[in-house]
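Notes for the one structure printed next.
The shown structure was predicted, so the numbers you read here are calculated from the model rather than taken from an experiment.
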Amino acid sequence: MKKRKLRVLASSIAAVSSIAASAIALTSCGGNNVTVPDITEKGTVVILATGGTIAGSGEAGKETGYKPGSISVESLIASVPGIEEIAPLHAQQVCNINSDDVTSKVWIQLAKTINAYAEDPDVAGFVVMHGTDTMEETAYFLNLAVKTKKPVVITGSMRPATSISADGPMNLYQSVVVAANPESEGKGVMGVFSDSIYSARSMQKVSTFDVTAIAAGPMGALGFVRNKEVFYYEESIKKHTYNSEFVIAPDDKIKQLPDVAIVYFAADADPSIIDWAKAHSKGLVVAGAGAGEFSEKFIKKLNGVVSDNYPVVISSRIDSGVITQDSVLVKKAVAANDLPAQKAAILLRLALSKGYTEQNKLIELFKQY
Ligand code: ASP
């Protein structure tokens, strides 16, 4: 097969030197003005790099003690043998940061960028390179904010690029395979990690170090990747991408999402943290014990803050199962369904950005998305 040329947006090429790479990319990270170049090769996969361990650099061979978001997208792609044979690639360095530093400004910039490229008929799909720590949040946000049936894949790695047996190159290769495959269309944003494909809604980080750290608990994988082949078995039935009401168009004026606080309940937890949350946010997600349960003093405090102007969503600190509305102990609060707190917060922030604060409307949204 013919060798294809990789094009990298000139203005955003980060230097190979780790320090310089971060400094250059960070200047435009989370910026609001999105302009994308015209893509001229049919079937192009656009790779948007944001940093993370996949772009991490450290002591040669070591798995720990590295700096995430150090290596440019150009160098990372160049380290994957045969990737240019899958599809024409167009790379853009959106940021080069640790994913723990990702903000709603970065999410919005990513959604706008994808929506702008998606209008180009020569673009076949997208791969977002991202740190694994908050990958599930960015995936779920994009699942609700991008409007396209073109495949959008998110990936990263658990080992830095400079470690022995780095997992980034294979994850990137497999992500491009998935993004270039027409069977991936209309499935919403998907995570590709260690041979498996996950829905953005179900994927979660489940280990602090394992190379299979991105998984989907009881929902499992949508499918698998082997070499250049994609095998699908499942699909998410929840609303996303092309039928989401939270799409953020490239010219949308929104700069960031309203703040939502997350409070984690534990035995004997002091409920006064809820007063602080109320004073510093537009809404609250509480991760309860078991099926969204709390101490009497927590329930009393939550009943005191919840209203149609200050919504409270009840999720669980347990990673498996569902919270039903009739089991919610704070009667004016909303069940997060099966969403973990960090994803429930994203749906609540998007709902608040549309002015939805009323309990019944939020209950409906948490069932649909
Ligand atoms: N701290 C890193 C990040 O999320 C971890 C990783 O990518 O695996 O950016």
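Between the side chains of T44 and H90, no donor-acceptor pair of N or O atoms lies under 3.5 Å. For the 3.5 Å distance criterion, the side chains of Q342 and Y140 fail to qualify, holding no donor opposite an acceptor. Under the 3.5 Å distance criterion, with hydrogens and angles disregarded, a donor-acceptor pair is assigned to the side chains of D326 and T324. With 3.5 Å as the limit, one finds a donor-acceptor pair spanning the side chains of N32 and K112.
Two residues are said to be in side-chain contact when any heavy atoms from C-beta on lie closer than 4.5 Å; V102 and H130 meet this criterion. For the pair V128 and I114, the minimum side-chain heavy-atom distance is below 4.5 Å. The closest side-chain heavy-atom distance from S281 to V260 is not below 4.5 Å. Side-chain atoms of D210 and M158, non-hydrogen and from C-beta on, never get closer than 4.5 Å to each other. In this structure, F126 and V152 have side chains that are in contact, with non-hydrogen atoms separated by less than 4.5 Å. Counting only heavy atoms from C-beta outward, the side chains of L339 and R201 approach each other to under 4.5 Å. Using a 4.5 Å cut-off on side-chain heavy atoms (C-beta onward), L352 and L257 make no contact. The shortest distance between side-chain heavy atoms of K278 and K301 does not fall below 4.5 Å.
Hydrophobic clustering of Ile, Leu, Val, Met, Phe, Trp and Tyr side chains at less than 4.5 Å, counting indirect connections, unites V45 with V80. When hydrophobic clusters are built by joining Ile, Leu, Val, Met, Phe, Trp and Tyr residues whose side-chain heavy atoms come closer than 4.5 Å, directly or via intermediates, I86 is grouped together with V127. I254 and V94 end up in the same hydrophobic cluster when Ile, Leu, Val, Met, Phe, Trp and Tyr side chains are linked at under 4.5 Å. Hydrophobic clustering keeps I47 apart from M170 (ILVMFWY residues linked when any side-chain heavy atoms are closer than 4.5 Å, directly or through intermediates). A continuous path of Ile, Leu, Val, Met, Phe, Trp and Tyr side chains, each step under 4.5 Å between heavy atoms, connects M135 with I262, placing both in one hydrophobic cluster.
Taking every heavy atom of both residues into account, L76 and A55 meet most closely at CD1-CB, 3.7 Å. Nearest heavy atom pair, residue I154 against residue A139, reads CG2-CB, 3.9 Å. Considering all non-hydrogen atoms of both residues, T134 and S99 come closest at OG1-O, 2.8 Å. Residues K282 and P311 share a closest heavy-atom pair of O-CD, 3.5 Å. Heavy-atom minimum distance, P37 versus D120: O-OD2, 4.4 Å. The minimum heavy-atom distance between S196 and A221, with the atom names listed, is CB-CB, 4.2 Å.
Within a 6.0 Å radius of CG in N227, no more than 12 heavy atoms belonging to other residues, nucleotides or ligands are found. Residue K361 places its NZ atom among more than 12 non-hydrogen atoms of other residues, nucleotides or ligands, all under 6.0 Å distant. Other residues, nucleotides and ligands contribute more than 12 heavy atoms inside 6.0 Å of the CG atom of N360. Annotation for E59: atom CD does not count as buried by contact number, only 12 or fewer foreign heavy atoms lying within 6.0 Å. Atom NZ of K253 has 12 or fewer neighbouring heavy atoms from other residues, nucleotides or ligands inside a 6.0 Å radius.
No donor-acceptor pair under 3.5 Å is formed between the side chain of S104 and the backbone N or O of Q256. In terms of modelled atom types and a separation under 3.5 Å, the side chain of D195 and the main chain of F224 share no donor-acceptor contact. A donor-acceptor pair is defined here as one N or O able to donate and one able to accept, closer than 3.5 Å; such a pair exists between the side chain of E136 and the backbone of K205. Using a distance-only test at 3.5 Å, with no hydrogens or angles considered, a donor-acceptor pair links the side chain of Q93 to the main chain of V73. The backbone N or O of D308 lies less than 3.5 Å from a partner atom in the side chain of T357, making a donor-acceptor pair. At distances below 3.5 Å, at least one donor-acceptor pair connects side-chain atoms of N115 with backbone N or O atoms of K147. Listed for the D167 side chain is no donor-acceptor partner under 3.5 Å among the backbone atoms of S157. Although no hydrogens or angles enter the test, the distance criterion places a donor-acceptor pair under 3.5 Å between the side chain of T50 and the main chain of M129. Of the possible donor and acceptor atoms, one in the side chain of T162 sits under 3.5 Å from a partner among the backbone N and O of G58. Formation of a donor-acceptor pair under 3.5 Å by the N143 side chain with backbone atoms of A200 is not found in this model.
Taken to the nearest 0.5 Å, the NZ atom of K62 stands 12.0 Å off from the OG atom of S163. Atom OG1 of T208 is separated from atom CG of D133 by 10.0 Å, given to the nearest 0.5 angstrom. From N171, atom CG reaches atom CZ of F193 across 5.0 Å, with rounding to the nearest 0.5 Å. Rounding to the nearest 0.5 Å places CZ of R159 at 5.5 Å from CD of E63. The CD1 atom of I54 lies 7.0 Å from the OG atom of S175; values are rounded to the nearest 0.5 Å. For the atom pair CG of L350 and CG of L365, the computed distance is 10.0 Å after rounding to the nearest 0.5 Å.
Cluster partners of I314, by chain and number: V263, F265, I273, I274, L284, V286, F294, F298, I299, L302, V305, V306, Y310, V312, I323, V328, L329, V330. The rule joins Ile, Leu, Val, Met, Phe, Trp and Tyr whenever side-chain heavy atoms lie under 4.5 Å apart.
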Applying side chain to side chain contact (heavy atoms under 4.5 Å, CB included), run through Y232 and K187 and close with a yes or a no.
CA-CA 10 Å; Y232 282 110; K187 292 189 162 35; 3.5 Å; yes
Side chain to side chain contact (heavy atoms under 4.5 Å, CB included) for F141 and I248? Distances and angles first, verdict last.
CA-CA 10 Å; F141 171 84; I248 299 180; 3.7 Å; yes
Would you sort out whether V106 and C29 count as a side chain to side chain contact (heavy atoms under 4.5 Å, CB included), showing the intermediate values?
CA-CA 6 Å; V106 176; C29 194; 3.9 Å; yes
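Applying the side-chain hydrogen bond (donor to acceptor under 3.5 Å, both in side chains) rule to Y66 yields the partners T53; only residues at least two apart in sequence or on another chain are considered. With sequence neighbours excluded, no residue forms a side-chain hydrogen bond (donor to acceptor under 3.5 Å, both in side chains) with E137. By the side-chain hydrogen bond (donor to acceptor under 3.5 Å, both in side chains) test, D122 is found to be paired with no residue, residues two or more places apart in sequence or in another chain being considered.
Sorted pairs that involve residues 199-221 and meet ring pair (Phe, Tyr, Trp, His ring centres under 6.0 Å), not counting sequence neighbours, are lacking altogether.
Aromatic ring pairs are classed by plane angle as parallel below 30°, tilted from 30° to 60° and perpendicular above 60°; the pair Y356 and F246 is perpendicular.
Using a 4.0 Å cut-off between charged side-chain N and carboxylate O, D268 and K297 make a salt bridge.
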Show the atom names and distances, to 0.1 Å, of all donor-acceptor pairs under 3.5 Å that link a side chain in residues 233-242 to residues at least two apart or in another chain.
unit_1	atom_1	unit_2	atom_2	d
S236	OG	K238	N	3.4
K238	NZ	K367	O	2.6

